[in-house]
Amino acid sequence: MFIFTACGSPATKSNSSKKLNEIDTQKNENKDENISENKIVWVLPEEFIKITKLQDNTVYLNQQLKKDGYNFSVAFKGVSGTGNNYYKDVMKEMKNNTADIASLGLDAKEERVKPSVKLIKSGVFLDLNNYLKSAEGKKLHSAFHDKIWDTVKINGEICAIPSQTSQDGTAFAAFNKKIFGKNIAFDGSSIQELNDILNKVKLPKGTNGILWQLAFRDICEQLGYVYENGVVTDIKTGVVSCPFETPKIVNCLRLLHKWHQEKKIVALDVDEKSKSMISSMKFAIWMGYTRDEVFERVRDNMKIVQLPYLFFTRTSGSTGVNKISKKKSEALQLLSLLYTDSKYANLLIHGKKGKTYQLKNGYVYDMEGNVKSEYAETFITGIYDYIYPWEEEEFPRNRAKEKRSLLGTPAMQKSTLMGFVPDLTGFDDKMIKLYEVTSKYEEIWQKKDFDSALADAVKACNASESKKVEKELNSQISKWRSK
């Protein structure tokens, strides 16, 4: 177990005057008078402290906090980073009151224990409902859409701050205006309609019919299903089923296969060839989700229709405050600053401008001019919306505003399952194996013989005890809905 304080590593002795000057500078930066001794301890998986610059960047953040009149600083503490070990170590820190804030961890599909839900259900984290309604808490509350807060609500309580790295409502159908004009009679509710729309126009030579970027999970979401752990759940009825035995999904896959056979559709990869196709507008329809710099460049040439999207309970990557901490108020104030104010968010994620990074055309680079992508820092802290973007990233301009504009729209589907979290005790191994099977068949629409591939998928799912998993989950949902 390691405790990382704001003071950083001690300077080493050197006979070089240059190094002595660097050491003196570092000492001056780390003087106690520049950093509050009232430290808020924040627990993270140890591996993320090792692979990120979060430890180093607390120096710059803490100095700025002190300068701005805040009487607290932050220090990171690393504990075991996976599954049940992470759960046990965080619980120990919370119960012993040796930490004030904790990341609830990143749930991995291959892990048998998903620490985030288990930690929330443990009752060691502060229920934020009252705080978010208070005058002080309204700023933090406003950093997320109400539906985003609902994603971390379990048993009516909000015991975690959601991660800002999630992107909702991004999927779209983009129509080339040169081919279709501005008025397109498509609302996104039925992919089948694209077939009729495409058949009404003659494509210019060298133009692809449909560029398809959506993944299998996206397909399920458009149709009103959550695809998790190898099964799909109907968000309206709550019924769990095998994706390859669910009529709506099978019919959609069959349509994609038809287009594939007729060479009307091209599956996109995130590569230079795909970017070139988009940039040159060599398509009639683009079914995608990446809203990056390439998207921005051709945006005005497309009629964009938002595709149906949904919300479901997701707690991975969220952050909680220790219920028994004596520094709850300071911890909440710190988190509010980091989730709502770019000045503090950038100090923790990117460091100090001119020392650890530089800006060019609004993008962040390291001091050598290399792209400075801080994925690990953002995923484990959940801090994302107000930091500077890096190249090839989605929402490169005014990210918080752009993300918010996609929420609460007519394309949003209502789910009756918000707040439901399955208890995987006793059959988590089956779900892990089942997902490994279904993931192999997610692109069966690209196979030459679709019916044969579909039959193989169903057979493989049944061999992986899909029916037992479905029965157990359906039973759990039925009991949950009856409460």
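Residues take their numbers from the sequence shown, with the count starting at 1. Atom set for the values below is all heavy atoms of this structure, side chains included, hydrogens, waters and symmetry mates excluded. Quick caveat: nothing in here was measured; it's all calculated off a predicted structure.
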For [Y], is there an ion pair with [X] - N to carboxylate O distance below 4.0 angstrom?
{"X": "K372", "Y": "E374", "answer": "yes"}
{"X": "R217", "Y": "E228", "answer": "yes"}
{"X": "D456", "Y": "K459", "answer": "no"}
{"X": "D451", "Y": "R254", "answer": "yes"}
{"X": "E262", "Y": "K258", "answer": "yes"}
{"X": "R314", "Y": "D168", "answer": "yes"}

Non-hydrogen atoms of [X] and [Y] that approach each other most closely:
{"X": "W390", "Y": "E393", "value": "N-OE1, 2.9 Å"}
{"X": "L338", "Y": "A345", "value": "O-CB, 3.4 Å"}
{"X": "Q222", "Y": "A171", "value": "NE2-CB, 3.9 Å"}
{"X": "S163", "Y": "G382", "value": "OG-CA, 3.6 Å"}
{"X": "A460", "Y": "V437", "value": "CB-CG1, 3.5 Å"}
{"X": "T438", "Y": "P243", "value": "CG2-CG, 4.5 Å"}

Quick one: does any side-chain atom of T246 pair with a main-chain N or O of K248 as donor and acceptor, under 3.5 Å?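 Answer holds: no.
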
On the ring face of [Y], is [X] found with NZ or CZ under 6.0 Å from the centre and within 45° of the axis?
{"X": "R399", "Y": "Y384", "answer": "yes"}
{"X": "K360", "Y": "Y365", "answer": "yes"}
{"X": "K118", "Y": "Y87", "answer": "yes"}

Rounded distance (nearest 0.5 Å) linking atom [atom1] of [X] with atom [atom2] of [Y]:
{"X": "E377", "Y": "S373", "atom1": "CD", "atom2": "OG", "value": "9.0 Å"}
{"X": "I444", "Y": "L256", "atom1": "CD1", "atom2": "CG", "value": "10.0 Å"}
{"X": "L198", "Y": "I285", "atom1": "CG", "atom2": "CD1", "value": "5.0 Å"}
{"X": "M412", "Y": "L310", "atom1": "CE", "atom2": "CG", "value": "10.5 Å"}
{"X": "F311", "Y": "D146", "atom1": "CZ", "atom2": "CG", "value": "10.0 Å"}
{"X": "W149", "Y": "N129", "atom1": "CH2", "atom2": "CG", "value": "9.5 Å"}

Are Y363 and Y388 an aromatic pair, judged by ring center distance below 6.0 Å?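 Ring centroids of Y388 and Y363 are no less than 6.0 Å from each other.
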
Partners passing salt bridge (Lys or Arg N to Asp or Glu O under 4.0 Å) against R299 (at least two apart in sequence or in another chain):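 Checked R299 against salt bridge (Lys or Arg N to Asp or Glu O under 4.0 Å); matches are E296, E402.
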
Is there a ring-ring contact (aromatic ring centres under 6.0 Å, His included) between F379 and F48? Walk through the geometry before answering. CA-CA 10 Å; F379 277 117; F48 281 89; 8.8 Å; no

With sequence neighbours excluded, what pairs up with Y225 under the ring pair (Phe, Tyr, Trp, His ring centres under 6.0 Å) test?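 Once residues adjacent in sequence are excluded, Y225 has no partner under the ring pair (Phe, Tyr, Trp, His ring centres under 6.0 Å) criterion.
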
Take atom CG in N155; do more than 12 heavy atoms of anything else shown fall under 6.0 Å from it?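 Check fails, neighbour count at 12 or below.
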
